[in-house]
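Scroll down for the structure; my scribbles are underneath it.
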Amino acid sequence: MFGLTEGGSSVLVRVHHFYHYFYLPVTDGIQPEALAEAINRRLWNDKTVPRDRTVVTNVEITTKRSIMYFIPGDPEVKFYKITLLNPRHTKDVARILQRGGLSVKKPNDVTAKLPELPTFESTLDYLLRFMIEVGLVGCSWLTLPAGKYTITEHKKSLLQVEIDVHANDIIAHNPEGKWLRTAPLRRLSFDIECAGRKGIFPEPEHDKVIQIANYVWDHGHKKPIAQVVFTLKSCAAIVGADVVSYENEEELLSAWARFVRLTDPDILTGYNIVNFDLPYLLDRAAQLKVADFPLLGRMIGQPTTMRKTRMSSSAFGTHESHAFSMHGRVIFDMLQLITREYKLRSYSLNSVSAEFLGQQKEDVHYSIIGDLQRGDEQTRRRLAVYCLKDALLPVRLMDKLMSLTNYMEMARVTGIPLGWLVSRGHMIKVVSLLHRKSHLVDLLIPDIKRSGPEGGGGDGPQFEGATVIKPEKGYYKDPIATLDFASLYPSIIMAHNLCYSTLVRPVHLAHMKPEDLSKSPSGASFVKRSVKKGILTKILEELLAARKQAKKDLKAAKDPFLQSVLNGRQLALKISANAVYGFTGASVGKLPCMDISASTTAYGRQMIDNTRLEVEKRYKGATVIYGDTDSVMIKFGNGKSLEECMRLGEEAAEAISSIFPKPVKLEFEKCYYPYLLISKKRYAGLLWTNTEKYDKMDCKGIEAVRRDNCRLVANVISSVLEFLLKKRDLQQAISMVKKVISDLLQNKIDVSLLVVSKSLTKTDYENKQAHVVLAEKLRKRDPGTAPAIGDRVPYVITKGRKNEPAYSRAEDPLYVLERNIPIDNNYYLENMLRKPLERIFEPVMKSSVNSLFVGEHTRTISVVTPKKGGMAKYTKVRLKCLGCKAPINEGALCAYCVPKEAEHYTKNLNTMVKLEKAYSSLWTECQRCMGDICHDVLCSNGDCPIFYRRRKAQIDLNAASEKVSRFGLDW
DNA sequence: GCTGGGGCCTAA
DNA sequence: TTAGTTAGGCCCCAGC
């Protein structure tokens, strides 16, 4: 175990005498010793282990029950507890028993062949088994009593203290009271820069690592311990940071690895370090044969290794990733964390920093990095400042988002180690909770057979889900009350005692008293809690009780650090409670049980139906206009005031709650007033929780909150909704839309607002799609920077050739900007803006919605000649007179316009001056953003609207000054 | 021009 | 070696 003492010294605790084990149901007549011998012999014969090795050290008979099914009379069952010397062989031993055919000697000397047998808990991780048995949860404190441990003399690790202890002597503490606070874990945040060949994205086989910037910052401290940047070649001094320069790359790498060992962080962080910085460094060091570089872990002489992984889940999507063996340090990549926890349009460090920290960073394109490196110590300093910022931002994000605090609390609440929260999915949390609770009451968890890839699983839904009430679409000027079931699925599981351990199989139903049973609407039977309380019920009750307590403590807490810990805890408890239902329904999981999940949703469907009936029965003139899963939206009648609506909602929630079993609770939470209901899962309204002032505008499922359209659409829809709901001014909404349409058709909209981004989710697609086709195109342009699976691909739709399909007209926004490729404005209007606008205006407009899209404002302005494709290739661009656009051969004006030269010249000059001003103000804005008004702006941040405007301004300015120069009046 | 299904993303 | 669930809207491609 790696950790810290109260005084802040780092400690490695080496735990001895804890052996892994699992269970097997007893076969009559087979003695434990004989079973142990048979298994060991089989392992020798199979040459799994050499003959001098004893794998199974002990088998004993214990009395337990399986967690699966309630059996009439709830009889105890005998199991062999099979203990192994080394957990590594658990799988081999379990497999021998599962397959059957093991020859075991009976006491009467007859040899019996074991049948195929189910094993129990052999897949439980050894580490988790240890923690459960000792009562230890992740990120918690433990005591080693004086005299019960020894301090190791010959250390094998980098930690300050190394201790040997017997597993039985460890005293674990619940993270409460005195043990609530967390240890000040040391974080090292780093970022690398690399460059070599011009214009090519760096590859570790060819391109050097030129800088590594670092922040060492203990969690909970106000200031960093160190800010260090390692550079290749000299670098001018940076105030507040240490600069260490090397002439040779091998030395640089070796020195950084030494720095890691010296600062010895508990947590390694950064942005995309898992899939870029760390693999790059390890590959590069291998290439250069820097032997001591991989020694980044805390165990002396144990190098860090890396392997590629591919994780996919419906929750996180598919991601190709890397796994590292780095003992004693948790790799906490902020990119990974943020993609998991937040749904954003873009996950670039820039965009994420803007979103959460309100600050941008200079985004230096990789092609410029090489030039800065090849310059002098000043340009390298420039790069180092940039690199340091990239190392700082991840720590800032971690603190701002409370990521570490929240994750540590999640580790405590679910009992798993911190690192697992980053490297594994949601299921492991429930597995841990299930094992912990089961262990206390002698229930065993079966190892379920893995069905093959095409086995039991399959693609479609495995059971019926929730009800979505058919919406009465429209715009409601009356207040709409919303009633919600609080924690619906957890409360159903508790109310009906749904659990693995309470499920009764059909064959046993006849042997049970009917009054002990309840049958769910989906047909499964469970025993009532008076007979046996389910494990899931217990887990959920404890989670919810703990959450109540955490919220209470949070209110009472004065210290902001403790407040954040407690807030993290109540959040973790809520997430964990909600994960239980999903776990039972995860068909490819550790312990799926469709009877539980299908019953849960079936009860839910019944409850929402009943709620609706009750509301409409009890309140004359009330209608449930919509509802989804756990909520109903009620219109109590015409002309009701907000106060009345709230009072009725309150009353209805209270009254109707009583018809459901405890702890189910229907709550009145809010009113929508006014309310726009577009369709199932799509609505918007002003949300009121008091009668004084609305809380906010709430949008669900509408384009304004979706990430699969461009910002222009989201912004316009948001504004329209604001006009309609807040100001209730249809005319203003209409004129705003007309203005946007007019701007769009006249090319006045920023490219950044037209960028669409979609996730690349797989490799083989059936149909062609814009983001997929573009990703392929980009791969051909530059394989190094092309989007990978799991990335979001940004694009704009260009004009392209005539009749060219939309998917092949998608183009990289930066590419479009640089080459001045025309954008298909009409496509944006007709295919992206029109339908969403129609859907929103339709319920509120008396006249035809079509009027929005015809008229003066839809006049198109002629656009620049396409530079590529179409006929442009074959036509030579001819000069045109700047006065009357007549073709001319040279100069600025045709013969007719020459007399007015002074006038035309002044006009063009004024235009140029105006553009110059616009450009320079954008330039200043960028300089301000990068925090340096003395240097060139190097930023090319594809997420920043200013960047697009600045580039566009530059292009326009160049065109204008080109025109002015054609007059040949060089002053 | 219509329809079905793939794909994406969201609600809960 | 690993992955929480179903319901549902809507855009676009592909095929007729």
Side-chain angles (χ1 to χ4, degrees), chain A residues 91 123 125 307-319 321 323 343 345 420 423-431 450 453 457 459-471 473 484-485 487-489 575-594 596-598 600-602 604-605 608 626-631 678-683 698-709 713 756-762 764-773 792-793 797 805-808 810 827 830-832 834-836 838-839:
Chain A
K91 220 175 162 184
T123 54
D125 192 281
R307 69 188 161 79
K308 285 190 173 154
T309 62
R310 191 177 162 143
M311 200 174 89
S312 76
S313 75
S314 51
F316 303 145
T318 304
H319 288 280
S321 185
K343 290 200 179 301
R345 284 176 177 268
W420 290 14
S423 63
R424 309 180 64 168
H426 278 144
M427 280 220 281
I428 187 64
K429 302 181 205 171
V430 184
V431 169
R450 321 188 61 81
D459 268 345
Q462 306 291 302
F463 58 93
E464 195 181 338
T467 298
V468 183
I469 294 172
K470 190 161 171 271
K473 302 177 190 180
D484 287 81
F485 285 105
S487 304
L488 179 68
Y489 287 172
I575 296 168
S576 303
N578 286 331
V580 170
Y581 150 77
F583 175 83
T584 66
S587 52
V588 188
K590 270 276 152 72
L591 198 62
C593 182
M594 296 309 151
I596 298 174
S597 38
T600 307
T601 55
R605 291 192 299 274
I608 199 174
Y626 179 58
D628 185 347
T629 310
D630 61 352
S631 65
I678 305 226
S679 63
K680 285 185 177 179
K681 301 196 187 279
R682 287 174 177 233
Y683 60 81
D698 200 18
C699 292
K700 299 289 185 193
I702 295 176
E703 282 72 14
V705 296
R706 294 181 66 87
R707 298 181 294 168
D708 52 358
N709 51 52
V713 174
V756 183
S757 77
K758 285 187 183 169
S759 297
L760 198 61
T761 58
K762 47 177 173 174
D764 282 318
Y765 280 88
E766 297 276 342
N767 295 339
K768 296 190 166 170
Q769 290 184 85
H771 67 295
V772 181
V773 173
R792 294 185 69 81
V793 186
I797 300 293
Y807 58 78
S808 77
Y827 182 89
E830 292 299 329
N831 298 55
M832 300 203 189
R834 188 173 191 130
K835 289 266 172 60
E838 281 174 353
R839 284 192 290 268

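Protein chains get the first letters and strands the later ones, always in sequence-line order, with residue 1 at the start of each. On a predicted model such as this, the values are computed, not experimentally measured, just so you know.
Counting heavy atoms from C-beta on, the side chains of A:Val756 and A:Met832 come closer than 4.5 Å.
The side chain of A:Lys680 has C:dG9 as its nearest neighbour among C:dG9, C:dA3, C:dC12. Of all nucleotides listed (C:dT5, C:dG4, C:dA7), C:dT5 comes nearest to the side chain of A:Phe463.
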Strand DNA chain C in bracket notation, Watson-Crick/G-U under 3.5 Å with | for pairs to another chain: ....||||||||||||
Checking A:Ser679 against A:Tyr683 for the side-chain hydrogen bond (donor to acceptor under 3.5 Å, both in side chains) test, could you report, in this order, the C-alpha distance in whole Å, the side-chain angles of both residues, the deciding distance, and whether it holds? CA-CA 7 Å; A:Ser679 63; A:Tyr683 60 81; over 6 Å; no
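Between A:Asn831 and C:dC12 there is a side-chain polar atom (N or O) within less than 4.0 angstrom of OP1 or OP2. Contact annotation: A:Lys590 does not reach the phosphate of C:dA3 (side-chain N/O to OP1 or OP2, under 4.0 Å).
Using a 3.5 Å distance cut-off with no hydrogens or angles, the side chains of A:Arg792 and A:Ser757 do pair a donor with an acceptor.
When each of A:Val468 and A:Tyr807 is assigned the nucleotide of DNA chain C with its nearest heavy atom, A:Val468 is the one assigned upstream, toward the 5' end.
Among the candidates A:Lys758, A:Arg345, A:Glu703, the single residue satisfying the side-chain hydrogen bond (donor to acceptor under 3.5 Å, both in side chains) test with A:Asn709 is A:Arg345.
Taking the charged nitrogens against the carboxylate oxygens, A:Lys680 and A:Asp628 have no contact shorter than 4.0 Å, which rules out a salt bridge.
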Contact state string [nucleotides 5-12 of chain B, B base, S sugar-phosphate only, - no protein heavy atom under 4.0 Å]: -SSBBSBS
